Amino acid sequence: MLIRTHTCGELRDTHVGQTVNLSGWVNAYRDHGNLIFIDLRDRYGLTQLVFDPEDANEAGAANTGDKHAHTGMMGDADKLRNEDCIAVRGVVRIRRGGENPKLPTGKVEIVVQQLDVLSKTDNPPFLPDDNSTLPNEEIRLKHRYLDLRRPSMQKVLGTRSKAMQVIRNYFAGENRFLEVETPILYKSTPEGAREFLVPCRNMPGTFYALPQSPQLFKQILMMSGCDRYMQICRCFRDEDPRADRQPEFSQVDLEMSFVRRDQITEMMEGFVRRFWKEMCGYEVPTIQRMSYRDAMEDYGIDRPDTRYDLKIKDISTFAARTEFGVFKSVLEKGQDRPRFNSKRGVVKAMRVPGGADKLTRKITDGYSSLAQRFGAGGVAVVKVIKAEDGSPKLDTGIAKFLEPLKADFIREVGAQIGDTVLFVADTYAIATKAIGELRQQVARDMGMIPKPGAEGGPWNFLWVLDFPMFEKNKETGKWIAMHHPFTAPRDDQRDLFVNADVNDDDTLESIVSAGYDIVLNGSEIAGGSVRIHDRAVQAKVFQLLGLSPEQAKEKFSFLLEALSYGAPPHAGIAFGLDRLIMHICGTDNIRDVIAFPKTQIGADLMTRAPSKATDAQLKDLHVASTWVEKPS
RNA sequence: GGGGGCGUAGCUCAAUUGGUUAGAGUACCGGACUGUCGAUCCGGUGGUUGCGGGUUCGAGUCCCGUCGCCCUCGCCA
């Protein structure tokens with residue numbers, strides 16, 4: 001077998017005259033009878049091969065002494081088809097038919113003297129060609145080995161590989177983080193996401209769980225004196241996937257000892273700066289900070305996309321003065337400070353500059369159904385148009401209710417001629433969420449979202465800080481940790497926290513944690529917190545979350561014990577690696593940045609996992625299936 | 001679990017209001033061709049219209065069910 005001397009991406013006119021070996025796949029063939037061109041592809045590029053019996057004889061005769069050898073070679077070359085795997089030996093020369101400017105190797109070609117057909121192909125279901133229409137994703141996933149041959153997919157794999165190197169260099173290489181592997185077979189801790197369970201053969205009736213994250217291991221590592229920990233780890237959550245979510249995904253997991261919030265954010269900001277610099281040459285400016293409260297008030301979401309200037313305003317006080325029935329009934333129960341658990345109503349408004357022309361009736365009707373999906377009654381609309389005398393005039397929708405207060409309204413929302421103003425009125429939680437979702441849809445409809453890579457700050461990074469410690473579960477009415485139960489209260493909240501009563505909703509809702517997220521263009525790319533390192537504080541959290549001391553011990557005794565043997569103050573964060581790569585690659589499909597992703601029901605279409613277990617396997621594991629096949 | 005979209009040749013798509021033998025490009029097979037690079041030209045193979053049922057004189061098209069993929073709500077401490 002011919003062993004390659006070069007790759008298909010590197011030969012230039014400086015190599016002319018050299019005898020080289022190349023290996024790869026047939027990307028295209030152009031058969032002119034006695035003259036055959038092959039574009040040979042490998043990971044590195046394309047190189048044109050030419051099969052010409054006369055040239056091959058001239059060049060090859062000296063080497064082989066066998067003029068008849070090439071008849072067989074031409075016969076084989078004639079049969080080459082796309083995706084055959086071959087190796088060749090030949091001489092580099094300047095192309096006789098002129099340069100192909102589309103290829104880096106376009107000046108040269110290889111006059112083939114010897115052809116090894118390493119592996120013929122069956123007719124492939126599709127060609128891994130970036131120039132033609134992609135086959136549907138189902139076919140691509142089923143034949144992933146073909147899909148990954150595609151140059152664009154190779155590029156993604158390369159980007160991902162480089163990203164992991166940059167990550168390790170920065171943390172483990174330059175900042176003395178210790179890379180430690182943590183178990184995949186872990187203990188079930190049924191809070192949070194649904195877990196994957198693994199039966200334990202040696203202890204009948206018991207199960208491991210796959211970790212949702214190595215959260216407690218990394219904290220224990222801090223208590224073990226590891227000081228700075230990093231891991232590029234796999235996490236598992238048995239929840240329905242989305243375009244940007246997979247049941248198994250990768251995190252860049254980090255933890256530091258003897259730090260407070262500012263040391264962590266500084267270290268991570270340094271990482272983000274390095275990462276974007278090395279991955280795409282972008283200089284990340286100082287990352288702006290925003291409180292959770294401001295994010296929810298101004299953007300209606302805890303991960304605001306600040307690339308476009310659309311802000312939400314609470315106009316409840318103004319709205320109470322109108323005669324519009326929806327506003328009045330929502331506000332009837334009075335107002336108070338924004339609270340997610342409050343039944344009291346608010347009216348939120350969003351001014352859309354230039355919306356009067358672009359947001360047609362059809363579009364704004366769609367906004368009502370959008371808002372309804374989030375529990376709101378609908379979206380009220382008013383347009384600000386130009387009256388005959390040139391002054392602003394309110395038009396359509398709820399114009400007649402606002403007209404008596406026109407001047408105040410225009411001042412209140414800062415409206416200008418040509419604007420549309422959208423309103424959502426409901427309880428604080430519903431109105432906030434609905435208008436936050438609406439804001440994103442409006443930005444898309446108005447074409448306000450710049451394409452990544454475009455000039456003018458395509459990357460908008462943002463720290464979101466000061467999350468609430470707790471939120472109430474809508475179904476059970478129980479308090480749950482907003483981040484996770486190991487998140488510390490912010491330093492200045494400690495007294496408030498240790499004295500809090502589980503029944504004191506107002507206080508519990510108001511306690512602010514030492515958590516932080518990094519948001520990029522409206523997507524959460526990292527989240528973390530200062531952790532609790534005080535056993536009493538940890539016990540208090542468990543108590544507030546409704547865990548009895550016995551339950552807390554059963555689930556987290558190892559943590560509570562570790563905390564009682566001199567636990568250092570520590571804090572950490574985790575980046576979603578897949579999301580980072582998605583941003584760098586400019587895709588909104590997580591499957592595009594994972595070599596072997598799963599479908600929406602967690603299936604691997606290539607290997608056909610998951611699959612049935614045999615009775616013998618189940619017996620070994622002391623497990624029985626209750627599933628009954630439906631009659632067909 | 002809910003809502004929506006899609007499923008026709010290996011692949012990408014078309015097929016009028018429910019109406020003749022389901023077409024095209026590409027891939028594949030055969031032939032021609034010595035400078036192509038989306039090669040070209042000639043000819044050909046290829047279909048249980050995802051699957052099952054129903055309505056109808058007649059179903060790719062309409063209805064019901066089911067399977068698969070995608071988007072989304074719930075969910076994702």
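Naming convention: chains lettered A, B, ... in sequence-line order (proteins, then strands); numbering from 1 in each chain. What you see is a predicted model, and the numbers here were worked out from it, not measured in a lab.
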Item to complete: For this output row, return yes or no: ring centroids of Phe486(A) and Phe556(A) closer than 6.0 angstrom.
Response: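 Judged by ring-centre distance (under 6.0 Å), Phe486(A) and Phe556(A) do meet the cut-off.
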- prompt: Are Phe217(A) and Tyr186(A) close enough that their ring centers fall under 6.0 Å?
  reply: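 Centroid separation for Phe217(A) and Tyr186(A): below 6.0 Å.
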| message | Can you check the distance between G10(B) and U72(B), where both ends of the measurement are the P atom (answer in whole Å)? | response |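 G10(B) and U72(B) have their P atoms separated by 31 Å.
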**Prompt:** Distance between the C1' atoms of C41(B) and C33(B), in whole angstroms?
**Reply:**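 Rounded to whole Å, the distance is 9 Å.
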* Would you indicate, yes or no, if G38(B) has its OP1 or OP2 atom less than 4.0 angstrom from a side-chain nitrogen or oxygen of Lys102(A)? =>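 The answer is yes; a side-chain N or O of Lys102(A) sits under 4.0 Å from OP1 or OP2.
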Under 4.0 angstrom between Lys433(A) side-chain N/O and G74(B) OP1 or OP2: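 For G74(B), OP1/OP2 do have a side-chain N/O of Lys433(A) under 4.0 Å.
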Which nucleotide, [options], lies nearest any side-chain atom of [X]?
X         : options                : answer
Arg81(A)  : A39(B), A77(B), G30(B) : G30(B)
Leu605(A) : C69(B), C71(B), C75(B) : C69(B)
Gln215(A) : C75(B), A77(B), C37(B) : A77(B)

inquiry  = I'd like to know whether CG of Asn473(A) has more than 12 heavy-atom contacts from other residues, nucleotides or ligands below 6.0 angstrom.
reply    =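 Counting other residues, nucleotides and ligands, CG of Asn473(A) exceeds 12 neighbours.
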| message | I want to confirm an ordering. Mapping Thr599(A) and Pro485(A) to their closest nucleotides on RNA chain B, which one lands closer to the 5' end? | response |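 Upstream on the strand: Thr599(A).
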For nucleotides 7-10 of chain B, which of its nitrogen or oxygen atoms have a protein nitrogen or oxygen under 3.5 Å away, and what is each distance?
{"unit_1": "G10(B)", "atom_1": "O2'", "unit_2": "Pro125(A)", "atom_2": "O", "d": "3.3"}

